[in-house]
There are 2 protein chains.
Amino acid sequence: MDDRPHVTLEDVAREAQVSLATASRALNGTTKVRSDLRERVLAAANQLAYTPNAHAQALAGGAHRTVGVICHDVSDPYFAGISRGVMRAADEAGLLVMLASTFRDPQKEIAYISMLRAQRASAILLVGSGFEDREWERALAAEIEPYQRGGGQVAVVSRHRTLRVDSVQPENREGAAQLARTLTAQGHRRFAVLAGPRALTTVVDRLRGFREGLAEAGVELAESHIVEASFTRDGGHAAMSELLARGLDATCVFAVTDVMAMGALAALREAGKSVPEDVSLAGFDDIPVVRDLAPPLTTVALPLEELGEKVMELAVRDNRGKRSRILRMPGTVVVRESTRAPTAP
Amino acid sequence: MDDRPHVTLEDVAREAQVSLATASRALNGTTKVRSDLRERVLAAANQLAYTPNAHAQALAGGAHRTVGVICHDVSDPYFAGISRGVMRAADEAGLLVMLASTFRDPQKEIAYISMLRAQRASAILLVGSGFEDREWERALAAEIEPYQRGGGQVAVVSRHRTLRVDSVQPENREGAAQLARTLTAQGHRRFAVLAGPRALTTVVDRLRGFREGLAEAGVELAESHIVEASFTRDGGHAAMSELLARGLDATCVFAVTDVMAMGALAALREAGKSVPEDVSLAGFDDIPVVRDLAPPLTTVALPLEELGEKVMELAVRDNRGKRSRILRMPGTVVVRESTRAPTAP
DNA sequence: TCCTAGCGTGAAAGCGCATTCAGAAAGCGC
DNA sequence: GCGCTTTCTGAATGCGCTTTCACGCTAGGA
């Protein structure tokens, strides 16, 4: 950019007939400035439509007012909810948010962190499940650690047992366990699970919790009853279709994500199965839309917006040197009409 | 931030035993550098975990690699869809996106533009309906114009008859008219409309188009059959409830937004009315979830992701001095099961 | 062999700002 | 009224980088 040069502080100072230093002080209010001078400066700035150059400010030692947020996909309601909380908190703190979507590409994630480092963002937030992959964890750490040494704050939502960062962790395991208890209490004994990629910590946790919950009622989940698919609506649809094609042998299906559950619901409807009469269906996350599905979805509610707010708070509240903080956010089982006692076989 | 000073180019140059200029050139590849020197520089940079300071780069005249996007609410599926397209395009162009949500507060919008100006963002994208408010338009222009004079690119999605900017415009009016034609063709004659705030250009356009489409079939829409509410799921719910309380006198309800339609659907269900047996319901936007509702929603499909990609393209493709470009994006009526011929009264 | 291009390199200027430092003006006590 | 402290102002410095600018070197032609 920069066709015509920008209006600079120097222009303002000249217009107001004061020194550059005085103009700077008048604008920032850091030091007392004689009131008539300040008036002149403000008037000049206003008249020239002056906007300080944030790069110059940052370079000259002023505060950096931006935070970076990296998530998998903004258009996924789960991340959209969290982003909303992040932005609300950022707004209150007067911070500018740089949001990037990685579309689940680990390489892109690293690249974005590097860019945010270059921007000297005051904090970087990683939102979303991590990969269970040594190589990637190492590459990530290689970006994160120098950034932290430079004074950067890092906070994450979910995942990351290896990274030394503050984190907000949804209680995926316990939430899934609770859900399992609820479902077995309703009388279900034969389950199928629509899982996301097993490389994601979130999937692993929810799966494990669910199994544990089932185990308490003496129910086992056969590996053959778990279908793995991508973490999307279409992934859920495909997984459910496959399950159906195999000849579904379950009274209740648990999709590890609401988004997947939506796809599953569609697949069931297309196959002429009705929920919950023929089969019960449960999800996880409680994204806003699922209460409006027909039938409304039983799920585990996560306070998405609050997740976003908390992670931002962690990032803003300075925590240098101290050990990393962990905020656990419990999930709450919300029973709606998509699950009910199985009809006698 | 900045506890420990950052690694600077000077550190790298010293480590590699070359001058600062050479180090810069080696890293950027702008000029030929003797290969052994370049190797040394690269090695040193890598070893020191050097990341260039983007602020210094920008200040020194390097390219600015960020664009700002301002929308009403990231968590709204409509904006989420557009954001997705924007980010995909930004990613391809190697740009960093700063995304801000205004939560429909005009003041906040102005404030964000100012911050983006300060960041010397290479482009600013305004996504979402504008307000029909002289005062606000003036204030907006006062931010936008100096920015453009400084060489900044501005592009918007929808709205803004007064601003001299490139824009991508969904054909709200024509889309709504098409929808009206479709509905009258199905046999509907008595309509009600769930409108968003009348101060939004999007609402005005859709309303007008819908009326025009109805008029072609000789149907009029009484002002009393239009309920105004906020542009949200709950807004739609409230508006529908009010309509029901008044004694709904229509065979078909048009919600100007899919999100509102979802709320309306819930309200209808709660009131014991079934769609489309008792009343037909149509929306606008075709956000991803509506095809999974029960019944799937009839609506006007807008290519949301493409909207985002296009607006980004406009902003990136330089257009200095030339007249502003307008890209019209047609909507397509998608008939699903939420509408059908009214049952004889 | 000498001179001229031409390529690579390093020194230095400057991007726009905050801030330090020194000095001028103003206020105080005596 | 004089010297002192206290305020406020302006000149100058530096943040980290890109980019001239000028110079030294090698290669090629005469």
Side-chain angles (χ1 to χ4, degrees), chain A residues 1-41 44-45 48-65 115 117-120 122 150-151, chain B residues 1-41 44-45 48-65 115 117-122 146 150-151:
Chain A
M1 49 184 283
D2 286 351
D3 270 337
R4 209 169 308 199
H6 267 277
V7 175
T8 73
L9 187 58
E10 194 180 348
D11 299 327
V12 174
R14 193 180 319 114
E15 176 77 18
Q17 315 237 42
V18 298
S19 76
L20 207 150
T22 303
S24 171
R25 288 188 274 245
L27 258 10
N28 296 318
T30 47
T31 314
K32 274 232 174 311
V33 174
R34 219 172 63 216
S35 62
D36 59 324
L37 293 190
R38 186 177 48 241
E39 291 303 320
R40 290 218 308 264
V41 172
L48 298 175
Y50 168 71
T51 305
N53 183 323
H55 296 300
Q57 291 190 153
L59 196 56
H64 308 235
R65 306 264 59 188
M115 290 177 83
R117 276 224 283 158
Q119 291 288 334
R120 299 298 187 267
S122 57
Chain B
M1 49 185 284
D2 287 348
D3 270 338
R4 212 168 305 199
H6 267 276
V7 175
T8 74
L9 185 58
E10 194 181 348
D11 299 328
V12 174
R14 192 178 321 114
E15 176 77 19
Q17 315 237 42
V18 297
S19 77
L20 209 148
T22 303
S24 171
R25 288 189 273 247
L27 258 9
N28 297 316
T30 47
T31 313
K32 274 232 172 317
V33 173
R34 220 172 62 216
S35 63
D36 58 324
L37 294 192
R38 186 178 48 242
E39 292 302 321
R40 287 216 313 259
V41 172
L48 298 175
Y50 168 71
T51 305
N53 183 324
H55 295 300
Q57 291 190 158
L59 196 56
H64 307 235
R65 306 265 60 192
M115 290 177 83
R117 275 224 283 157
Q119 292 287 334
R120 297 297 184 269
S122 57

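Keep in mind the model is a prediction, meaning the values are calculated, not measured. Quick note on labels: first sequence line is chain A, next is B, and so on, each numbered from 1.
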In whole angstroms, how far is the [atom2] atom of [N] from the [atom1] atom of [X]?
X	N	atom1	atom2	answer
B:Glu10	D:dG16	CD	P	8 Å
B:Leu9	D:dC15	CG	P	13 Å
B:Arg40	C:dG8	CZ	C1'	14 Å
A:Leu20	C:dC15	CG	P	12 Å
B:Tyr50	D:dG16	OH	P	10 Å
B:Gln57	C:dC17	CD	C1'	18 Å
B:Arg117	C:dG16	CZ	P	15 Å
A:Arg38	D:dT7	CZ	C1'	14 Å

Quiz item: B:Arg25 side-chain donor-acceptor pair to C:dG10 base, under 3.5 Å: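 In this structure, the two groups form a donor-acceptor pair.
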For the student: nearest non-hydrogen atoms of A:Val7 and B:Arg120, plus distance: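 The answer is O-NH2, 4.4 Å.
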Over all atoms of both residues, closest heavy-atom pair of B:Ser24 and B:Leu9: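 So the two residues come closest at CB-CD2, 3.7 Å.
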Validation row: B:Val41, B:Val12 side chains within 4.5 angstrom (heavy atoms):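 Side-chain contact under 4.5 Å: yes.
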A:His55 (side chain) donor-acceptor with B:Gln119 (main chain) under 3.5 angstrom: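 Indeed, once roles are kept as given, a pair shorter than 3.5 Å links the two residues.
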A:Arg40 (side chain) donor-acceptor with A:Ala16 (main chain) under 3.5 angstrom: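 Flag set: sc A:Arg40 to bb A:Ala16 pair under 3.5 Å.
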Sugar-phosphate only, base, or nothing, as touched by B:Thr8 at under 4.0 Å among non-hydrogen atoms: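 Contact class for B:Thr8: sugar-phosphate only.
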Touch class at under 4.0 angstrom, heavy-atom based, for A:Leu37 against every strand present: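 The residue A:Leu37 makes sugar-phosphate contact but no base contact.
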Among the nucleotides [options], which one has an atom lying closest to any side-chain atom of [X]?
X	options	result
B:Leu59	D:dC17, C:dT9, C:dG16	C:dG16
A:Ala60	C:dG8, D:dG14, D:dT19	D:dG14
B:Ser24	D:dC8, C:dT9, D:dT19	D:dT19
B:Ala21	C:dG10, C:dT19, D:dC17	C:dG10
A:Thr22	D:dT9, D:dC15, C:dT9	D:dT9
B:Pro52	D:dC17, C:dG8, C:dA12	D:dC17

Watson-Crick or G-U counterpart of D:dA30, or none if no pair lies under 3.5 Å: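 In the structure as shown, D:dA30 has C:dT1 as its Watson-Crick or wobble partner.
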C:dA22 pairs with, by Watson-Crick or G-U criteria that keep both distances under 3.5 Å: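 Checking every strand shown, C:dA22 finds its partner in D:dT9, with both distances under 3.5 Å.
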Phosphate-side-chain proximity, A:Asn28 and C:dA18, N/O vs OP1/OP2 below 4.0 Å: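 So the side chain of A:Asn28 is within the cut-off, an N or O lying under 4.0 Å from OP1 or OP2 of C:dA18.
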